[in-house]
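Start at 1 and go down the list; that is how both ligands and their atoms are numbered.
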Amino acid sequence: MKYIAIITGASSGIGREFAYAIDQGMSSIDEIWLVARRKDRLEDLAGKLHHHSRLICGDLSSRITVNRIQAILKAEKCRVRFLINAAGYGILGDFEKCDRKDETGMCDLNVRALTDLTYVCIPFMGKGSRIINLASSAAFVPQLGFSVYAATKSYVLSFSRSLNMELNKKGIYITAVCPGPVKTEFFDVAEKNGNKTMSLKKAAMTTTDVVVKTALNDSFRKKEVSVPTLTMKLFCIMCKVLPHRIIMKVTSLLYR
Ligand SMILES: NC(=O)c1ccc[n+]([C@@H]2O[C@H](COP(=O)([O-])OP(=O)(O)OC[C@H]3O[C@@H](n4cnc5c(N)ncnc54)[C@H](OP(=O)(O)O)[C@@H]3O)[C@@H](O)[C@H]2O)c1
């Protein structure tokens, strides 16, 4: 039996940081599978890891990539110790003005691919296996100018919390990670149409190491939701206490 960790979005940002953290901290893992489209990035990362790694280069929006992962899992008698679903993107801008493919692509990647890969991996998990899903603080309340992205992250949060309860009896634990803004290439993609992130949001920016360290600690403590910084913890409480309509009205003034 081979014990593995699967990390999507490993070519950049939070996914890459998870690869380093698992490489350094988990001697019980035999192999780290790195999933993303950019092969050169994955090769570069693999060269820096101590663990043996397997590169799975492909577009997760296509079922072919997930089917490939399923075929290897079946062929090689693997036990998935960690599944980290970090691949994802968001595009800023009014829904009707953004590219149709970009908008629906968020649903394909952030929602469908994450769900499909989770489904495929569960039969290869057992007691002590863990899933870490990258949601976002955008999951807490609808966000103007980020409508589809926030909706996909609400899905990830809701899905992760209920699946966690379903799988607890098997000793499998799921943590949904809900950071605010994190310093990664995420914003290069998000702002590609020229729409800028609110400066208030950028002021709350944190780093990948804070997000990943908190997420792994929370995962080991069997927490269903991981919110890395105090600012976002307060934002989370605010979203539970205040009517969403009011929060949306205030953010709409900042957005325009
Ligand atoms: N940065 C933030 O402020 C922030 C805040 C909250 C939540 N998050 C969430 O955290 C996760 C990681 O984001 P990040 O900040 O690390 O962003 P990032 O640096 O842009 O990384 C995104 C990763 O997703 C991969 N990816 C994108 N499209 C893909 C596709 N079609 N198929 C396969 N892989 C794909 C990219 O790899 P390739 O381009 O090589 O395919 C890259 O490795 C995302 O789910 C994001 O929504 C980010």
Next on the checklist: Do the side chains of Asp44 and Arg41 get close enough for a salt bridge, i.e. N-O under 4.0 angstrom?
Outcome noted: no
Next on the checklist: Applying salt bridge (Lys or Arg N to Asp or Glu O under 4.0 Å) as the test, list every pair that has at least one member in residues 135-160; sequence neighbours left out.
Outcome noted: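 Matches after skipping sequence neighbours: none remain.
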Checklist entry - Any salt bridge (Lys or Arg N to Asp or Glu O under 4.0 Å) pairs touching residues 80-93, not counting sequence neighbours? => result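 Found none.
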Next on the checklist: Can you see whether Ser160 engages Asn133 through a side-chain donor-acceptor pair at a distance of less than 3.5 angstrom?
Outcome noted: yes
Item to check | Whether Phe146 and Phe186 hold their rings parallel, tilted or perpendicular, with breakpoints at 30° and 60° | outcome: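 The rings of Phe146 and Phe186 stand perpendicular, inter-plane angle above 60°.
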Checklist entry - For ligand 1, what are the residues with a heavy-atom contact below 4.0 Å? => result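 Ligand 1 pocket, heavy atoms under 4.0 Å: Gly9, Ala10, Ser11, Ser12, Gly13, Ile14, Ala36, Arg37, Arg38, Gly58, Asp59, Leu60, Ser61, Ala86, Ala87, Gly88, Leu109, Leu134, Ala135, Ser136, Tyr149, Lys153, Pro179, Gly180, Pro181, Val182, Thr184, Glu185, Phe186, Phe187.
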Next on the checklist: Could you work out, with side-chain contact (heavy atoms from CB on, under 4.5 Å) as the rule, every residue matching Thr231, not counting sequence neighbours?
Outcome noted: Ala204, Thr229
